[in-house]
Protein chains: 2
Amino acid sequence: MTLAEKAYDALRHDIIRGELAPGRPLRLSDLSERYDMGFSPLREALNRLHAERLVTAESLRGFRVAPLSLDELHDAVNVRIKIECDALRASIELGDDNWAAGIVSALYALNLQVGRTGPDADIWTLEARHYAFHRALLAACNSPWTLEFFERLYAATERYRIPTLLAATQPSGRDVQAEHGALAQATLDRDAETATALLEAHYRKTASYLTNVFGANEPDGLAATG
Amino acid sequence: MTLAEKAYDALRHDIIRGELAPGRPLRLSDLSERYDMGFSPLREALNRLHAERLVTAESLRGFRVAPLSLDELHDAVNVRIKIECDALRASIELGDDNWAAGIVSALYALNLQVGRTGPDADIWTLEARHYAFHRALLAACNSPWTLEFFERLYAATERYRIPTLLAATQPSGRDVQAEHGALAQATLDRDAETATALLEAHYRKTASYLTNVFGANEPDGLAATG
DNA sequence: GCAATAATTATTTTCGAAAATCTTTGGAAT
DNA sequence: ATTCCAAAGATTTTCGAAAATAATTATTGC
């Protein structure tokens with residue numbers, strides 16, 4: 001693995017997890033020290049991340065962690081719903097046994113992690129399995145473009161979810177596990193109408209929850225403070 | 001404008017227009033000579049283009065112009081239809097007079113260029129105005145993510161259309177101008193059902209035409225020969 | 001001859017310094 | 001006090017060479 005690839009992974013990790021706060025300037029000399037490498041691999045990574053909209057760039061004025069905003073969250077969620085519902089319909093139509101088994105397996109692994117408490121309750125494992133479950137639902141859609149856009153939007157919305165997960169303020173009233181179970185069941189039953197309705201409801205609930213959290217905490221658009 | 005930005009524009013231009021053939025290796029020393037700059041700005045541009053899937057990259061083995069394939073064309077067209085129809089519905093709902101005027105103006109400019117023959121019949125101007133027209137239809141959708149995906153997919157499919165335009169083998173049976181006119185009219189009438197149906201038909205026609213052209217010319221997947 | 005290996009060449013990747021550009025600071029003029 | 005300009009400093013951008021890796025060619029042993 002080249003240094004540029006390591007830089008990309010590390011920066012992406014740190015941005016999505018919020019260790020590099022939204023809006024924060026990404027100075028090459030700082031990053032060079034932080035990640036222990038020269039400018040070249042860092043600039044390559046930053047350019048990749050800029051193309052993915054995780055960092056902003058201004059000519060001759062360097063890079064910053066892309067800011068968060070409620071507008072962007074709403075947009076990303078709405079587009080996700082459209083794209084993922086289409087992809088889910090296609091998957092339900094085209095998916096084979098292998099696809100179905102992948103969903104069962106991903107859901108099982110996710111639920112194991114949701115159930116864990118104490119030292120085993122690793123939030124990043126949980127997040128990875130959450131991604132894997134949603135990815136498994138769409139795996140049979142046979143559309144590389146759709147899957148790429150799914151990944152982009154997942155990463156974009158993940159940035160809003162992470163701080164919430166870390167704060168662990170998830171309201172008790174909501175049983176996400178049951179939502180995932182019902183979604184998987186409808187999908188495996190090849191009931192596209194129910195499945196897409198559940199998927200949309202799942203995202204709208206999450207979005208409205210996140211909107212409340214962020215709207216309350218940072219009224220002027222989630223702009224970072226440092 | 002920095003050298004890296006110039007490199008990006010030039011490479012993107014040359015790739016989309018096919019001056020750099022699909023599959024062709026993009027060696028830094030060659031590019032350095034071709035565009036008269038050092039490695040650094042070229043690598044930045046190549047990384048950006050890689051993120052946009054216009055070039056492929058393999059670790060320690062350099063870059064290539066991304067290959068073309070009928071599968072990718074079909075995928076891109078199908079996803080375009082979904083995304084653009086959604087965006088068109090949103091635009092029709094949200095668009096104001098300014099949006100409508102933009103469509104009228106873009107269509108007018110496009111038709112002027114379609115009508116030109118001889119030395120004024122510049123294919124790149126035509127292409128730019130075709131893009132501007134379709135972009136104008138969606139301009140009011142109020143969704144940056146949707147517009148970004150539109151741009152990505154437009155660029156991806158443009159690569160298939162350009163060789164056809166250059167060959168000027170467009171069959172006489174098809175009146176693209178009339179299609180654009182009807183599409184604009186339905187949109188300005190805020191008739192979302194008709195407009196999206198026309199948009200879908202427009203793309204399916206183009207796609208089926210391109211499929212024939214490419215399928216006949218290069219049966220094993222459009223892989224470049226150099 | 002042919003496979004395996006060493007040497008050579010070609011290419012990518014990375015570094016460190018130089019050049020270019022932006023930002024801040026300090027001082028002079030009004 | 002405020003505005004303007006120049007100097008100093010900080011930062012990005014670019015280059016050219018060195019290092020690392022891949023691909024090719026030559027050589028050896030059988």
Side-chain angles (χ1 to χ4, degrees), chain A residues 1-16 18-67 223-226, chain B residues 1-16 18-67 223-226:
Chain A
M1 196 186 231
T2 64
L3 284 179
E5 288 164 337
K6 284 184 193 138
Y8 171 82
D9 288 345
L11 276 165
R12 188 174 188 277
H13 179 282
D14 292 350
I15 288 169
I16 288 180
E19 286 161 35
L20 296 170
R24 167 171 166 167
L26 295 167
R27 295 222 178 70
L28 287 169
S29 46
D30 296 350
L31 299 178
S32 180
E33 192 180 359
R34 179 182 178 113
Y35 299 111
D36 189 33
M37 57 182 73
F39 289 178
S40 307
L42 286 168
R43 283 186 68 85
E44 294 204 9
L46 289 167
N47 276 299
R48 275 183 74 182
L49 292 163
H50 175 49
E52 297 174 14
R53 298 259 195 281
L54 287 174
V55 319
T56 62
E58 233 182 323
S59 207
L60 295 175
R61 257 178 265 182
F63 301 88
R64 289 171 172 270
V65 178
T225 54
Chain B
M1 197 186 230
T2 64
L3 284 179
E5 288 164 336
K6 282 185 194 137
Y8 172 81
D9 288 346
L11 276 164
R12 187 174 189 277
H13 179 282
D14 292 350
I15 289 169
I16 288 180
E19 286 162 34
L20 296 170
R24 165 171 168 168
L26 296 167
R27 294 223 179 70
L28 287 168
S29 46
D30 295 350
L31 299 179
S32 180
E33 192 180 1
R34 179 182 178 113
Y35 298 112
D36 189 32
M37 57 182 75
F39 289 178
S40 307
L42 286 169
R43 284 187 67 85
E44 295 206 7
L46 290 167
N47 276 299
R48 276 182 74 182
L49 292 164
H50 174 50
E52 296 174 15
R53 298 258 197 282
L54 287 173
V55 319
T56 62
E58 232 183 324
S59 208
L60 296 175
R61 257 179 265 183
F63 302 87
R64 289 170 172 270
V65 179
T225 54

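Naming: A, B, ... by sequence-line order, numbering from 1 per chain.
Residue B:M1 contributes atom CE, which lies 19 Å from atom C1' of C:dC22 at whole-angstrom precision. Following rounding to the nearest Å, B:R61 (CZ) and D:dT21 (C1') show an atom-to-atom distance of 10 Å. Counting to the nearest Å, the C1' atom of C:dT11 and the CD atom of B:E58 are 14 Å from each other. Nucleotide D:dA10 holds its C1' atom 17 Å from the CZ atom of A:F63, rounded to whole Å. Protein atom CG of A:L60 is 12 Å distant from nucleotide atom C1' of C:dA19, rounded to whole Å.
A search for side chain to side chain contact (heavy atoms under 4.5 Å, CB included) contacts involving B:R12 returns B:Y8, B:I16, B:L49, B:E52, B:L54, B:A155, not counting sequence neighbours. Applying the side chain to side chain donor-acceptor pair (under 3.5 Å) criterion to B:R53, with sequence neighbours excluded, gives A:E148. With sequence neighbours excluded, the residues forming a side chain to side chain contact (heavy atoms under 4.5 Å, CB included) with A:S29 are A:R27, listed by chain and number. Looking at residues two or more places apart in sequence or on another chain, you find no side chain to side chain donor-acceptor pair (under 3.5 Å) involving B:E19. Looking at residues two or more places apart in sequence or on another chain, you find a side chain to side chain contact (heavy atoms under 4.5 Å, CB included) between A:A57 and A:H50, A:F63.
The two residues B:A51 and A:A51 come nearest to each other via the heavy atoms CB-CB, 3.5 Å. Nearest approach of B:A7 to B:P41, heavy atoms of both residues: CB-O, 4.0 Å.
Counting heavy atoms from C-beta outward, A:S40 and A:L3 have side chains that stay 4.5 Å or more apart.
For residues 41-50 of chain B, every residue pair satisfying the salt bridge (charged side-chain N to carboxylate O under 4.0 Å, His left out) rule, not counting sequence neighbours, is listed here: A:R43-B:E44, A:E44-B:R43.
Within residues 28-55 of chain A, the residues that have a heavy atom under 4.0 Å from DNA chain D are, in order of number, A:L28, A:F39, A:R43.
Bending across the helix from C:dG1-D:dC30 to C:dT30-D:dA1, expressed as the angle between its end axes from five pairs apiece, amounts to 10° (10° rounding).
Picking from C:dT23, D:dT13, D:dT14 the nucleotide with the shortest atom distance to the side chain of B:A4 gives D:dT14.
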Under 3.5 Å, which N/O atoms of the protein pair with N/O atoms of nucleotides 7-10 of chain C?
none

Please report, to 0.1 Å, the donor-acceptor pairs under 3.5 Å made by any side chain of residues 32-39 of chain B, with sequence neighbours excluded.
| residue | atom | partner | partner atom | Å |
| --- | --- | --- | --- | --- |
| B:S32 | OG | B:M37 | O | 2.5 |
| B:R34 | NH2 | B:D14 | OD2 | 3.1 |
| B:Y35 | OH | B:D14 | OD2 | 2.6 |

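No option in B:L42, B:L31, B:T56 other than B:L31 meets the side chain to side chain contact (heavy atoms under 4.5 Å, CB included) test with B:L26.
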